[in-house]
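This structure is a prediction, so every number in the text was calculated from the model and none was measured.
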Amino acid sequence: RSQDKLQLSLCIVRNTTMDADAGGGSPRTPSKRTGGSKGSCKGVVTANLANTNYAMVRQVVEELGLKQTEHASAMDCNLLWFDTCPPSSIFNSLSLYQRINHFPNTQEITRKDLLARNLNLIAKACPDNIKFNFFPRSWVLPAETQSLVTHAAKAKGRGKRARTYIYKPTNGARGEGIALTRQIDSIPTDVPMLVQEYLGNPYLVDGHKFDLRLYVLITSVDPLRMFLFHDGLVRLSTKPYKPPTAKNMSNICMHLTNYSINKHSDDFENTDEGDTGSKRSYAWLLQHLQTEGHDINLLQQRINECLIKTTTVALPYMFKGYDACKRQARASTVRSAAMDASEAAAQASPTSRQEAPETSLCFEVLGFDVFLSKNLKPYIIEVNRAPSFSCDSQLDSDIKHDVLYASLRLLRMKGSDRSRSERSARQSSLKRLGRTSSQASLVTKESASHGVAKTASDTRTYEEWNQQQITWEQAKQGGFTRILPVQDPSLMQEYDTLIHVAFSAVAASTGTASLAMSAGRRRRLAAAKSAQHSLARPRRRAPKVTEVENVQQRIAQDLVDARHAVKSLEIIPLCIDGDDEAALNAAHTSERMNQEYRLWLGDWTRHQAAIGRYYLATLSVAQRRHILRQAYHQVMGVIRQATSKGRGAARVQPIVEAIFGKLSFNQGQGLWNTFSLAQGDTAGLLALLQLPRFALVDEIFINNVVVIAKQELLRAYHEHTLHPVQTSSVPSSPSRVLPIRTLCLLQDNASLARSTSRKLQELGL
């Protein structure tokens with residue numbers, strides 16, 4: 001009872017609902033309701049932040065008064081935040097009171113290849129009065145290789161100068177694998193690629209090329225409702241722009257504006273102001289353009305049009321996924337027929353919809369990358385499903401904080417949402433079970449006292465609901481501006497036509513008029529396929545479940561036990577001379593190793609940019625792969641020595657190969673992406689490399705394998721600094737330059753292999 005009283009008192013003091021403040025004042029100092037009148041305590045809004053690595057997200061959630069939890073299993077919170085797209089099981093288990101920061105199927109525009117294909121699909125289906133020329137001409141290889149070759153041959157046959165193309169991995173990020181070329185046959189074929197015509201004649205700022213990062217909030221797809229944040233980022237290249245030639249096409253800091261690439265340049269200017277440096281604010285750019293005599297209102301209208309049309313391309317897929325998610329959340333036992341394309345489009349379009357919608361369970365903040373030509377025509381370059389909320393400057397912090405703060409305020413979450421949802425579900429269950437009228441009436445009265453009864457919102461038309469929603473949003477939207485629905489009737493009619501065209505085109509491309517398949521039909525098809533598969537091959541005897549399956553877990557634990565000698569294996573020495581190496585070999589105590597580690601950490605801060613240039617610019621693809629092969633052989637050597645005659649290593653080897661396959665993705669640049677993660681962030685590592693959770697090894701084992709690959713890269717860089725003349729050759733063997741700290745530190749921990757061998761012998765291996 002005392003705990004209940006304490007919880008009640010804390011609830012009264014901390015009860016700060018998302019709609020308590022009406023939009024006034026600075027977003028960094030949210031108002032809090034501290035009144036103690038009867039009924040003021042309606043519960044606390046909870047947020048699960050176990051799946052985010054961004055400190056800014058935690059800061060904003062704390063400012064809004066939400067109760068945070070870091071338990072990955074606590075999936076009953078009001079707000080679920082994921083840095084990456086969650087699995088479908090998360091969407092299927094949502095309740096009506098919850099909000100999650102992703103929509104299903106958004107990858108239809110956030111993956112480069114899917115964005116190109118969908119834009120081409122809708123552009124062909126659009127009527128002539130709807131312009132769809134806001135993205136560069138694109139080809140997805142290898143599927144459209146012949147079309148690209150034909151296009152290049154026609155351009156050459158007209159006597160024109162060879163076109164410049166830019167290619168990038170279809171599922172890449174942070175500028176990895178991007179390059180320019182005029183030779184089609186020079187484009188790599190080992191991974192799927194997106195090839196686009198290079199957009200020339202850019203608008204320049206201080207002689208530099210730039211792109212825009214704009215933040216778009218989607219609060220609903222049923223119907224579609226979009227907001228654009230008033231500020232964004234202007235990301236400049238670090239080299240003055242010149243038209244691409246054979247000599248300068250390899251200068252990525254001139255032709256690419258990716259922050260992940262240019263921040264490693266010596267010319268990168270990192271400032272806290274929005275009007276100087278290599279990263280500036282979108283608000284400053286608009287003011288700069290206005291002083292140059294440009295019509296910024298026309299520019300903003302063009303940008304809004306590009307954002308809306310691009311999102312509309314993915315709307316049929318997002319609506320289909322969200323409709324399944326919503327029906328699952330209702331837990332309705334009434335089987336509903338799948339909507340055809342026209343019915344679904346009428347639901348998703350703000351113009352065609354008739355009835356008031358329900359509160360959306362999903363929302364999403366997308367990062368649109370926009371290119372401006374010399375005449376200020378905007379082009380969509382790509383869309384980011386998980387824009388970074390890490391902050392490297394005060395400008396980053398100010399803009400991203402306000403984006404997150406205003407986004408969460410627009411969600412309309414309350415502490416009483418959960419209890420209201422549970423009472424509503426109980427009422428629906430009683431009706432489906434055919435309870436007596438007195439029982440149903442009792443539940444209805446109970447629900448009515450808590451605001452769950454059928455209210456005016458259930459009978460309002462969409463127009464009535466929309467007007468009330470606009471009034472509420474104006475008080476809560478902060479720096480966001482609603483860009484859809486628009487107030488211009490003729491423009492809204494054009495978007496309505498586009499939505500219907502998109503739904504029809506997607507339905508036609510999939511060969512069915514229906515956008516959804518009933519759950520029963522999916523189960524029947526799966527059962528039939530499973531039956532055919534089982535009849536096609538003889539049955540096999542199920543393998544025996546013994547302790548052998550846990551051998552790799554024990555091996556991994558033995559390898560982890562060696563970490564007591566070094567508190568962290570994230571960083572190794574970067575610049576070590578002979579005296580330091582001797583001191584390192586003599587350092588056996590953990591205190592001395594900690595002292596050495598702190599020195600190495602300072603070295604890493606100084607050398608990170610130089611290592612990035614060395615790996616991304618100096619080394620060729622073959623040299624990067626050689627580094628990964630060296631690390632792979634180190635890992636397998638450690639595992640074989642720690643197991644009896646290598647028998648246990650045979651079970652771990654496929655897992656190690658899978659890890660190095662991810663590290664070598666996109667021409668070996670997957671390895672460099674791991675350096676952006678925080679120390680010991682195993683969950684982020686699995687998400688970044690898109691690795692599953694293996695049953696035989698734990699996350700620490702995977703982290704150690706990646707550390708070995710990092711160490712090999714750092715060793716190669718160290719040798720490069722000692723022997724600059726060898727930059728054109730493949731890095732040499734790892735044993736000459738500095739001691740490599742392998743997984744189990746074999747030089748200082750030889751007993752580890754013996755103890756592991758004894759365990760394997762006990763298990764019969």
Side-chain angles (χ1 to χ4, degrees), residues 46-54 56-58 60-61 66 69 72 74-112 114-115 118 171 173 213-229 307 310-329 348 358-369 382-390 400 403-413 480 683-684 686-688 690:
T46 56
N48 187 328
L49 304 182
N51 296 283
T52 181
N53 296 319
Y54 295 121
M56 183 57 71
V57 175
R58 292 182 171 83
V60 171
V61 167
L66 277 66
T69 179
M75 287 298 166
D76 58 344
C77 296
N78 298 76
L79 174 65
L80 304 178
W81 189 279
F82 288 81
D83 288 346
T84 58
C85 181
S88 58
S89 59
I90 299 297
F91 288 112
N92 294 334
S93 60
L94 289 177
S95 300
L96 292 176
Y97 67 89
Q98 292 183 298
R99 306 291 181 268
I100 189 170
N101 68 315
H102 289 286
F103 279 96
N105 300 334
T106 319
Q107 71 273 7
E108 295 295 332
I109 56 173
T110 57
R111 268 189 50 171
K112 298 177 179 64
L114 298 182
L115 173 64
N118 289 319
N171 203 22
R213 166 59 61 87
L214 302 179
Y215 296 95
V216 173
L217 170 65
I218 302 176
T219 58
S220 171
V221 296
D222 184 15
L224 181 59
R225 206 166 187 89
M226 297 175 58
F227 298 82
L228 173 64
F229 196 69
L307 301 178
T310 303
T311 306
T312 303
V313 165
L315 183 59
Y317 305 98
M318 296 168 64
F319 181 88
K320 172 186 173 181
Y322 176 73
D323 183 63
C325 167
K326 182 177 63 177
R327 287 188 280 114
Q328 187 73 21
E358 298 177 351
T359 302
S360 177
L361 306 180
C362 304
F363 71 100
E364 189 146 16
V365 178
L366 297 175
F368 282 76
D369 293 344
E382 61 182 49
V383 185
N384 295 271
R385 186 173 195 171
S388 173
F389 288 106
S390 59
K400 295 176 181 179
V403 167
L404 290 170
Y405 191 94
S407 299
L408 296 182
R409 275 170 52 90
L410 281 170
L411 297 187
R412 216 170 194 172
M413 292 188 297
F480 278 106
L686 293 178
L688 177 65
Q690 298 181 355

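Partner L404 forms a side chain to side chain contact (heavy atoms under 4.5 Å, CB included) with one of Y215, Y54, F389 and no other, that one being F389. Screening L79, V365, L66, V403 against L408 for a side chain to side chain contact (heavy atoms under 4.5 Å, CB included) leaves a single residue, L79.
Here the straight-line distance linking atom CG of L80 with atom CD of Q98 works out to 5.0 Å at 0.5 Å rounding. Taking CD of E364 as the reference point, atom CG of N101 lies at 7.0 Å (rounded to 0.5 Å). Separation of atoms SG (C325) and CD1 (I100) is listed at 8.0 Å; rounding is to 0.5 Å. In this structure, CD1 in I109 is found 11.5 Å from OH in Y317, a value given to the nearest 0.5 Å. Between Q107 atom CD and M318 atom CE the span is 10.0 Å, to the nearest 0.5 Å. For the atom pair CD1 of I218 and CG of L224, the computed distance is 6.5 Å after rounding to the nearest 0.5 Å.
Using a 3.5 Å distance cut-off with no hydrogens or angles, the side chains of N48 and T69 do not pair a donor with an acceptor.
For A314 against E108, the heavy-atom pair with the smallest separation is CB-CB, 4.0 Å. Contact between G367 and P387 at its shortest, heavy atoms only, is N-CG, 3.9 Å.
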Item to check | Derivation of the side-chain contact (heavy atoms from CB on, under 4.5 Å) call for D369 and R213 | outcome: CA-CA 5 Å; D369 293 344; R213 166 59 61 87; 2.7 Å; yes
Next on the checklist: Checking L115 against T310 for the side-chain contact (heavy atoms from CB on, under 4.5 Å) test, could you report, in this order, the C-alpha distance in whole Å, the side-chain angles of both residues, the deciding distance, and whether it holds?
Outcome noted: CA-CA 8 Å; L115 173 64; T310 303; 4.0 Å; yes
Next on the checklist: Show, in sequence, the C-alpha distance, side-chain angles and deciding distance for N78 and L411, and conclude whether the side-chain contact (heavy atoms from CB on, under 4.5 Å) test is met.
Outcome noted: CA-CA 11 Å; N78 298 76; L411 297 187; over 6 Å; no
Checklist entry - Step by step, would you call N105 with F91 a side-chain contact (heavy atoms from CB on, under 4.5 Å)? => result CA-CA 11 Å; N105 300 334; F91 288 112; over 6 Å; no
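Between S407 and F480, some side-chain heavy-atom pair lies under the 4.5 Å cut-off. No side-chain heavy atom of M75 sits less than 4.5 Å from a side-chain heavy atom of S93.
Using a distance-only test at 3.5 Å, with no hydrogens or angles considered, a donor-acceptor pair links the side chain of K400 to the main chain of S390. For S95 (side chain) and Y97 (main-chain N/O), no donor-acceptor pair under 3.5 Å exists by modelled atom type. Although no hydrogens or angles enter the test, the distance criterion places a donor-acceptor pair under 3.5 Å between the side chain of R58 and the main chain of T52. Listed for the N92 side chain is no donor-acceptor partner under 3.5 Å among the backbone atoms of Q328. Although no hydrogens or angles enter the test, the distance criterion places a donor-acceptor pair under 3.5 Å between the side chain of T106 and the main chain of F103.
In this view, T359 satisfies the side chain to side chain donor-acceptor pair (under 3.5 Å) rule with no residue, not counting sequence neighbours.
Relative ring orientation between F363 and W81 is described as tilted, the plane-to-plane angle lying within the 30° to 60° band.
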